[in-house]
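Okay, so here's the structure we're looking at.
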Amino acid sequence: MTVITTVGSAERHIAAERATLIARVSVSHHDRGTAMAEGTALHNRLAARAGELHASGDATWHHASTLSTGIRQWIDNDGSPHREHVASSSVQVKLSNLDRVAGTVEELSAMGASVHTSWALTEVTRMRVTREIRAAAVSDARVEADDFAAALGTTVARVATLRSGEAGPAPMGLRSAAMSAGESAEVSVPDITVRVEVTAEFETS
(Lines give C-alpha, C1' and ligand atoms only; values in the text may rest on other atoms or scores of the structure.)
Protein backbone atom coordinates (compact mmCIF):
# COMPACT_ATOMS: atom_id res chain seq x y z
CA MET A 1 0.00 0.00 0.00
CA THR A 2 1.21 3.46 -0.88
CA VAL A 3 -0.04 6.72 0.61
CA ILE A 4 -0.42 9.59 -1.85
CA THR A 5 -0.76 13.13 -0.48
CA THR A 6 -2.24 15.82 -2.71
CA VAL A 7 -3.57 19.35 -2.39
CA GLY A 8 -6.80 20.36 -4.07
CA SER A 9 -8.22 23.84 -4.48
CA ALA A 10 -11.18 25.68 -5.92
CA GLU A 11 -12.11 29.33 -6.09
CA ARG A 12 -14.82 31.64 -7.26
CA HIS A 13 -14.84 35.38 -7.94
CA ILE A 14 -17.86 37.31 -6.68
CA ALA A 15 -18.55 41.04 -7.02
CA ALA A 16 -18.14 42.84 -3.69
CA GLU A 17 -21.35 43.51 -1.77
CA ARG A 18 -20.12 45.91 0.90
CA ALA A 19 -17.73 48.88 0.95
CA THR A 20 -16.30 50.14 4.23
CA LEU A 21 -15.16 53.75 4.14
CA ILE A 22 -12.66 54.86 6.77
CA ALA A 23 -12.55 58.64 7.08
CA ARG A 24 -9.51 59.78 9.07
CA VAL A 25 -9.32 63.12 10.86
CA SER A 26 -5.97 64.81 11.40
CA VAL A 27 -5.95 68.47 12.41
CA SER A 28 -2.77 70.19 13.55
CA HIS A 29 -2.17 73.57 15.17
CA HIS A 30 0.45 75.12 17.42
CA ASP A 31 -2.32 75.74 19.96
CA ARG A 32 -3.77 72.57 21.52
CA GLY A 33 -7.19 74.10 22.14
CA THR A 34 -7.53 75.15 18.52
CA ALA A 35 -6.46 71.73 17.25
CA MET A 36 -8.99 70.05 19.55
CA ALA A 37 -11.81 72.41 18.58
CA GLU A 38 -11.23 72.06 14.83
CA GLY A 39 -10.68 68.32 15.08
CA THR A 40 -13.84 67.86 17.14
CA ALA A 41 -15.91 69.88 14.68
CA LEU A 42 -14.70 67.82 11.72
CA HIS A 43 -15.12 64.56 13.61
CA ASN A 44 -18.70 65.43 14.54
CA ARG A 45 -19.61 66.34 10.95
CA LEU A 46 -18.24 63.05 9.67
CA ALA A 47 -19.96 61.03 12.41
CA ALA A 48 -23.27 62.78 11.74
CA ARG A 49 -23.05 61.99 8.01
CA ALA A 50 -22.21 58.36 8.72
CA GLY A 51 -25.22 58.19 11.02
CA GLU A 52 -27.46 59.61 8.30
CA LEU A 53 -26.29 56.98 5.82
CA HIS A 54 -26.99 54.26 8.37
CA ALA A 55 -30.43 55.63 9.16
CA SER A 56 -31.36 55.89 5.47
CA GLY A 57 -30.53 52.23 4.84
CA ASP A 58 -27.59 52.98 2.54
CA ALA A 59 -25.23 51.68 5.25
CA THR A 60 -25.50 48.69 7.56
CA TRP A 61 -23.11 49.94 10.26
CA HIS A 62 -21.08 52.93 11.36
CA HIS A 63 -18.63 53.70 14.13
CA ALA A 64 -16.83 56.80 15.37
CA SER A 65 -13.64 56.50 17.39
CA THR A 66 -12.67 58.77 20.27
CA LEU A 67 -10.78 61.92 19.35
CA SER A 68 -7.18 61.85 20.59
CA THR A 69 -4.34 64.37 20.63
CA GLY A 70 -0.62 64.11 20.26
CA ILE A 71 2.40 66.30 19.71
CA ARG A 72 4.46 66.43 16.53
CA GLN A 73 7.95 67.87 16.68
CA TRP A 74 10.54 68.31 13.97
CA ILE A 75 13.61 70.33 13.08
CA ASP A 76 14.07 72.13 9.77
CA ASN A 77 17.21 71.88 7.71
CA ASP A 78 18.34 75.19 9.17
CA GLY A 79 18.02 73.78 12.69
CA SER A 80 14.78 75.58 13.60
CA PRO A 81 12.64 73.48 15.98
CA HIS A 82 8.88 73.14 15.46
CA ARG A 83 6.14 71.78 17.67
CA GLU A 84 2.42 71.39 17.04
CA HIS A 85 -0.55 69.58 18.48
CA VAL A 86 -2.41 67.03 16.34
CA ALA A 87 -6.03 66.00 16.93
CA SER A 88 -6.94 62.73 15.24
CA SER A 89 -9.79 60.24 15.01
CA SER A 90 -11.57 58.06 12.47
CA VAL A 91 -15.15 57.44 11.40
CA GLN A 92 -16.15 54.22 9.63
CA VAL A 93 -19.28 53.50 7.64
CA LYS A 94 -20.14 50.25 5.85
CA LEU A 95 -22.16 50.93 2.71
CA SER A 96 -24.53 48.31 1.33
CA ASN A 97 -25.71 50.63 -1.43
CA LEU A 98 -22.62 50.56 -3.62
CA ASP A 99 -24.05 53.27 -5.88
CA ARG A 100 -23.32 55.68 -3.03
CA VAL A 101 -19.62 54.83 -2.67
CA ALA A 102 -18.12 57.35 -5.10
CA GLY A 103 -20.34 60.21 -3.95
CA THR A 104 -19.75 59.49 -0.28
CA VAL A 105 -15.98 59.29 -0.74
CA GLU A 106 -16.02 62.67 -2.46
CA GLU A 107 -18.34 64.14 0.18
CA LEU A 108 -16.25 63.00 3.16
CA SER A 109 -13.05 64.07 1.42
CA ALA A 110 -14.50 67.52 0.75
CA MET A 111 -15.22 67.85 4.48
CA GLY A 112 -11.49 67.51 5.12
CA ALA A 113 -11.03 63.80 5.84
CA SER A 114 -8.61 61.35 4.28
CA VAL A 115 -10.78 58.48 3.03
CA HIS A 116 -9.83 54.85 2.41
CA THR A 117 -12.11 52.17 0.95
CA SER A 118 -12.11 48.42 1.55
CA TRP A 119 -14.43 45.83 0.03
CA ALA A 120 -16.09 42.63 1.21
CA LEU A 121 -18.83 40.08 0.70
CA THR A 122 -21.58 39.55 3.21
CA GLU A 123 -20.96 36.68 5.60
CA VAL A 124 -23.98 34.84 4.19
CA THR A 125 -22.60 34.97 0.65
CA ARG A 126 -19.08 34.04 1.73
CA MET A 127 -20.28 30.97 3.63
CA ARG A 128 -22.65 29.89 0.83
CA VAL A 129 -19.94 30.09 -1.83
CA THR A 130 -17.41 28.36 0.43
CA ARG A 131 -19.77 25.42 0.90
CA GLU A 132 -20.46 25.24 -2.83
CA ILE A 133 -16.80 24.96 -3.83
CA ARG A 134 -15.62 22.52 -1.14
CA ALA A 135 -16.65 19.55 -3.26
CA ALA A 136 -14.70 20.95 -6.21
CA ALA A 137 -11.57 21.26 -4.05
CA VAL A 138 -11.88 17.64 -2.91
CA SER A 139 -12.43 16.51 -6.51
CA ASP A 140 -9.32 18.42 -7.57
CA ALA A 141 -7.25 16.59 -4.95
CA ARG A 142 -8.70 13.23 -6.01
CA VAL A 143 -7.92 13.79 -9.71
CA GLU A 144 -4.26 14.40 -8.90
CA ALA A 145 -4.15 11.34 -6.64
CA ASP A 146 -5.64 9.20 -9.41
CA ASP A 147 -2.95 10.44 -11.80
CA PHE A 148 -0.17 9.51 -9.39
CA ALA A 149 -1.73 6.14 -8.67
CA ALA A 150 -1.98 5.37 -12.40
CA ALA A 151 1.68 6.28 -12.81
CA LEU A 152 2.48 3.73 -10.11
CA GLY A 153 0.36 1.11 -11.81
CA THR A 154 -2.24 0.99 -9.07
CA THR A 155 -5.52 2.69 -8.07
CA VAL A 156 -6.79 4.73 -5.15
CA ALA A 157 -8.58 2.56 -2.64
CA ARG A 158 -9.79 5.10 -0.11
CA VAL A 159 -9.26 8.52 1.43
CA ALA A 160 -7.25 8.18 4.64
CA THR A 161 -7.32 11.82 5.80
CA LEU A 162 -8.73 15.12 4.60
CA ARG A 163 -7.67 18.45 6.05
CA SER A 164 -9.23 21.79 5.21
CA GLY A 165 -7.20 24.93 4.74
CA GLU A 166 -9.60 27.64 3.61
CA ALA A 167 -8.34 30.99 2.47
CA GLY A 168 -10.80 33.77 3.23
CA PRO A 169 -12.10 36.29 0.72
CA ALA A 170 -9.47 38.51 -0.85
CA PRO A 171 -10.12 41.51 -3.09
CA MET A 172 -9.05 41.49 -6.73
CA GLY A 173 -8.31 44.73 -8.53
CA LEU A 174 -8.88 46.68 -5.35
CA ARG A 175 -8.27 50.42 -5.48
CA SER A 176 -8.06 51.69 -1.92
CA ALA A 177 -6.13 54.94 -2.04
CA ALA A 178 -6.56 57.89 0.26
CA MET A 179 -8.48 60.81 -1.12
CA SER A 180 -8.18 64.45 -0.23
CA ALA A 181 -10.44 67.39 -0.94
CA GLY A 182 -10.51 68.38 -4.61
CA GLU A 183 -9.96 64.89 -6.01
CA SER A 184 -12.63 62.98 -7.93
CA ALA A 185 -13.46 59.46 -6.80
CA GLU A 186 -12.91 56.72 -9.36
CA VAL A 187 -14.75 53.72 -7.96
CA SER A 188 -15.25 50.36 -9.61
CA VAL A 189 -16.63 47.46 -7.62
CA PRO A 190 -13.91 44.77 -7.44
CA ASP A 191 -14.33 41.03 -7.33
CA ILE A 192 -13.71 39.14 -4.11
CA THR A 193 -12.01 35.77 -4.41
CA VAL A 194 -13.38 33.00 -2.23
CA ARG A 195 -10.93 30.10 -2.16
CA VAL A 196 -10.98 26.66 -0.55
CA GLU A 197 -7.92 24.44 -0.23
CA VAL A 198 -7.76 20.87 1.09
CA THR A 199 -4.92 18.44 1.76
CA ALA A 200 -5.83 14.79 1.33
CA GLU A 201 -4.06 11.48 1.88
CA PHE A 202 -5.14 8.59 -0.33
CA GLU A 203 -4.27 4.95 0.19
CA THR A 204 -3.71 2.83 -2.90
CA SER A 205 -4.99 -0.71 -3.37
Side-chain angles (χ1 to χ4, degrees), residues 7-27 39 41-68 88-141 164-199:
V7 176
S9 63
E11 64 183 32
R12 189 175 298 173
H13 310 303
I14 311 294
E17 299 171 302
R18 297 289 186 269
T20 299
L21 308 186
I22 304 176
R24 301 190 184 281
V25 173
S26 181
V27 176
L42 174 56
H43 174 88
N44 289 344
R45 290 196 300 273
L46 295 170
R49 184 59 185 132
E52 292 170 356
L53 290 165
H54 193 177
S56 69
D58 290 317
T60 62
W61 171 87
H62 77 285
H63 172 75
S65 69
T66 303
L67 191 75
S68 62
S88 58
S89 70
S90 65
V91 174
Q92 300 180 53
V93 58
K94 182 178 291 186
L95 295 173
S96 53
N97 181 357
L98 301 188
D99 291 337
R100 298 298 301 271
V101 174
T104 303
V105 168
E106 289 185 347
E107 181 181 2
L108 300 182
S109 298
M111 289 182 183
S114 174
V115 184
H116 294 259
T117 307
S118 62
W119 304 85
L121 298 173
T122 65
E123 187 64 18
V124 170
T125 296
R126 188 186 70 80
M127 289 303 301
R128 174 181 58 79
V129 174
T130 297
R131 295 186 68 179
E132 289 174 355
I133 64 178
R134 279 175 178 152
V138 173
S139 177
D140 185 51
S164 174
E166 296 174 4
M172 296 181 61
L174 172 61
R175 181 181 185 274
S176 182
M179 278 197 61
S180 302
E183 291 186 286
S184 296
E186 296 177 9
V187 176
S188 58
V189 179
D191 283 347
I192 304 296
T193 300
V194 181
R195 178 180 173 83
V196 169
E197 186 174 283
V198 297
T199 300

Notebook entry, point to check: In Å and rounded to the nearest 0.5 Å, what is the CD to CD1 distance from Glu197 to Ile133?
Noted result: 11.0 Å

Notebook entry, point to check: CD1/Ile22 to CG/Leu46 distance, rounded to the nearest 0.5 angstrom?
Noted result: 13.0 Å

Notebook entry, point to check: What closest approach, in Å, do Arg24 and His116 show between heavy atoms, and which atom pair accounts for it?
Noted result: NE-CD2, 4.3 Å

Item checked: 4.5 Å side-chain heavy-atom contact, Val91 and His62 -> no

Check: If you round to the nearest 0.5 Å, how far is CG of Leu21 from CD of Glu107?
Finding: 10.5 Å

Next item on the list: List the atom of Gly8, the atom of Asp140, and the distance in Å for their closest heavy-atom pair.
Entry: CA-OD2, 3.3 Å

Checklist line | Residue pair Leu42 / Gly112: nearest heavy atoms and the distance that separates them | finding: CD2-O, 3.8 Å

Item checked: Backbone of Ser90 reached by a side-chain donor or acceptor of Ser65 within 3.5 Å -> yes

Note to self: Main chain of Arg126, side chain of Thr130: is a donor-acceptor contact present, judged purely on distance under 3.5 Å?
What the structure shows: yes

Next item on the list: Spell out, as yes or no, whether a donor-acceptor pair under 3.5 Å connects the side chain of His13 to the backbone of Thr193.
Entry: no

Margin query: Checking the side chain of Asp58 only, and the main-chain atoms of Asn97 only, is there a donor and an acceptor separated by less than 3.5 Å?
Written below: no

Checklist line | Shortest non-hydrogen contact from Ala19 toward Thr117 | finding: CB-CG2, 4.3 Å

Notebook entry, point to check: Which atom pair, heavy atoms only, marks the closest approach of Ser89 to Thr66?
Noted result: CB-O, 4.1 Å

Note to self: I'd like to know whether Arg100 forms a side chain to side chain contact (heavy atoms under 4.5 Å, CB included) with Leu53, so could you lay out the CA-CA distance, the side-chain angles of the two residues, the decisive distance to 0.1 Å, and finally the verdict.
What the structure shows: CA-CA 9 Å; Arg100 298 298 301 271; Leu53 290 165; 4.0 Å; yes

Notebook entry, point to check: Under 3.5 Å, is there a donor-acceptor pair linking the side chains of Glu17 and Thr122?
Noted result: yes

Check: Out of curiosity, Arg12 CZ to Ile192 CD1, how far, rounded to the nearest 0.5 Å?
Finding: 15.0 Å

Item checked: Which atom of Gly39 lies closest to which atom of Val25, heavy atoms considered -> O-CG1, 4.0 Å

